[in-house]
Number of protein chains: 2
Amino acid sequence: MDEMEIIHTIRAFNRNYVRSIGLLEKTMLNSDYSLTESQILFIVHQQKKTTATDINKILNLDEGYLSRIIKKLISKSLLTKKQSPVDKRCYEIMMTKKGIKVQEKLDQLSTESVRRVISTLAVEDRTELALLFNRIMNMLYKDKSTSSIN
Amino acid sequence: MDEMEIIHTIRAFNRNYVRSIGLLEKTMLNSDYSLTESQILFIVHQQKKTTATDINKILNLDEGYLSRIIKKLISKSLLTKKQSPVDKRCYEIMMTKKGIKVQEKLDQLSTESVRRVISTLAVEDRTELALLFNRIMNMLYKDKSTSSIN
DNA sequence: CAAATTTTGTTGCTTTTGTCAAGCAATTTT
DNA sequence: AAAATTGCTTGACAAAAGCAACAAAATTTG
């Protein structure tokens, strides 16, 4: 397989997959929270305690934009912010109980929509699909620091 | 592998891959055209002759939004629009020479950025990666009508 | 066939999302 | 202790996307 063929295969996959993911995202949108907001909730949920900078190491958003989203999530009582005593420039961001609840609901929605996708597959194909994705992740994201958050 | 494990694997892949694709998209953004515009150019380029409705069978955009993007691409002389003599509600959309040129440039950019991604892999892994992606596409998109445009 | 319905596309208006630049306070560097 | 950097915030703005109302043409159907 020559390089051009490889690249075209990957690009074809990307085009298809972007659309699939787009559909998954729409599931999220029926839930009052945007994809980015969900991602932030997901990250804070995992890390228990974070800062805006930590979140942005993963999401790479515009800092001002991130600041505003966090503010919004705080105003909805999903997150809390507390100035770090160690470094007063930093604010420790944590989930509230309500935030955890919402995050769990979003998690379920996401799980549900993936379940719907694989439901069309034969049962033995589902496992194979997961193995294939795992193999790809190992190839592409093995040594990346971000892999720790999955 | 139980269903939950499968779903979590796929979701982990999605989270990682969304970010990768996000980076690929940024390559596009340095090129005066948004991802959506590029996709439209890609589709029109492939199909030689289309309509807004055809494009939207693939992209599922808001119709008004699509109408405006097409208008913009026409105003930049990348596309042309001609009322269909058969069905006067429809407008046949085609590429101009300039449009083809631009599309080819965007195509190169996209190819280039995928090339950059796989360049970090061992040569034998690159082929394997493409085979894995192909296998996944066969599982997920085999009988879909959209597969014809890849 | 004529009225009702559907399809295709357009436009005005609004919201959402994201970017840029300036700035402040705390920290680190020199 | 002055200068530079870091973490975060804000205002102003631009781009992307969605909603609703509409017109023109085609199709359905009574």
Side-chain angles (χ1 to χ4, degrees), chain A residues 18-19 21-41 43-44 47 49-76 79-94, chain B residues 18-19 21-41 43-44 47 49-76 79-94:
Chain A
V18 161
R19 272 172 237 151
I21 288 185
L23 295 182
L24 294 186
E25 285 175 18
K26 298 235 161 122
T27 310
M28 289 294 174
L29 289 172
N30 303 346
S31 66
D32 303 346
Y33 301 99
S34 72
L35 178 70
T36 306
E37 287 164 346
S38 309
Q39 289 176 313
I40 291 172
L41 290 175
I43 291 169
V44 179
Q47 323 243 325
K49 199 202 299 187
T50 1
T51 64
T53 303
D54 285 340
I55 293 174
N56 233 3
K57 275 174 195 149
I58 299 169
L59 297 183
N60 288 305
L61 306 169
D62 175 83
E63 286 175 4
Y65 184 39
L66 176 58
S67 173
R68 260 180 264 262
I69 295 178
I70 289 171
K71 196 160 112 185
K72 182 181 163 196
L73 293 174
I74 288 170
S75 81
K76 291 195 173 188
L79 298 181
T80 55
K81 192 173 76 170
K82 182 175 147 274
Q83 192 172 43
S84 162
V86 186
D87 182 340
K88 284 174 192 157
R89 289 169 307 175
C90 300
Y91 293 83
E92 296 166 357
I93 296 167
M94 299 180 65
Chain B
V18 161
R19 273 172 236 152
I21 289 186
L23 295 182
L24 294 186
E25 286 175 16
K26 299 241 160 113
T27 309
M28 289 294 174
L29 290 170
N30 302 346
S31 65
D32 301 348
Y33 301 98
S34 73
L35 177 69
T36 305
E37 288 164 347
S38 307
Q39 288 176 313
I40 292 170
L41 290 175
I43 291 168
V44 179
Q47 323 243 326
K49 198 203 298 187
T50 359
T51 65
T53 302
D54 284 339
I55 292 173
N56 234 3
K57 274 175 196 147
I58 299 169
L59 297 183
N60 287 306
L61 305 170
D62 175 82
E63 287 174 1
Y65 183 40
L66 176 58
S67 173
R68 261 180 264 262
I69 295 179
I70 289 171
K71 197 162 113 185
K72 181 181 162 195
L73 293 174
I74 289 171
S75 81
K76 290 193 171 188
L79 298 180
T80 54
K81 193 172 77 172
K82 183 176 147 273
Q83 194 173 41
S84 162
V86 186
D87 181 342
K88 283 174 193 158
R89 290 170 308 178
C90 300
Y91 293 82
E92 294 166 356
I93 297 166
M94 299 180 66

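Chain A is the first sequence line, chain B the second, and so forth, proteins listed ahead of strands; every chain is numbered from 1.
- Following rounding to the nearest Å, B/K72 (NZ) and D/dA14 (C1') show an atom-to-atom distance of 11 Å.
- Here the P atom of nucleotide C/dT8 and the NZ atom of B/K82 are 18 Å apart, to the nearest Å.
- In this entry the distance linking CD of B/Q39 with P of D/dA17 reads 9 Å, nearest Å.
- Atom pair B/Q83:CD and D/dA25:P shows a separation of 7 Å (rounding to whole Å applied).
- C/dC20 atom P lies 13 Å from atom CG of A/L61, rounded to whole Å.
- For the atom pair B/I70 CD1 and B/Y91 OH, the distance stands at 12.0 Å (nearest 0.5 Å).
- Distance, B/L35 CG to D/dA17 C1': 14 Å, rounded to whole Å.
- Atom OH in B/Y33 sits about 14 Å away from atom P in D/dA15, given to the nearest Å.
- Between C/dG18 and A/T36, a contact under 4.0 Å exists linking OP1 or OP2 to a side-chain N or O.
- Taken from CG in A/L66 to CD1 in A/I93, the straight-line distance is 7.0 Å, to the nearest 0.5 Å.
- Here A/K81 contributes atom NZ and A/L73 contributes atom CG; the two are 12.0 Å apart, rounded to the nearest 0.5 Å.
- Shown here are the side chain to side chain donor-acceptor pair (under 3.5 Å) partners of A/R68, two or more places apart in sequence or in another chain: there are none.
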Discussion item. Strictly under 4.0 angstrom, non-hydrogen atoms only: write out the protein contact profile of nucleotides 4-13 of chain D, one letter per nucleotide from the 5' end, B, S or -.
Written reply: --BSBBBBB-
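- In this structure, the separation between OG1 on B/T80 and NZ on B/K49 is 11.0 Å, given to the nearest 0.5 Å.
- Residues that satisfy the side-chain contact (heavy atoms from CB on, under 4.5 Å) test with A/S67, not counting sequence neighbours, are absent from this structure.
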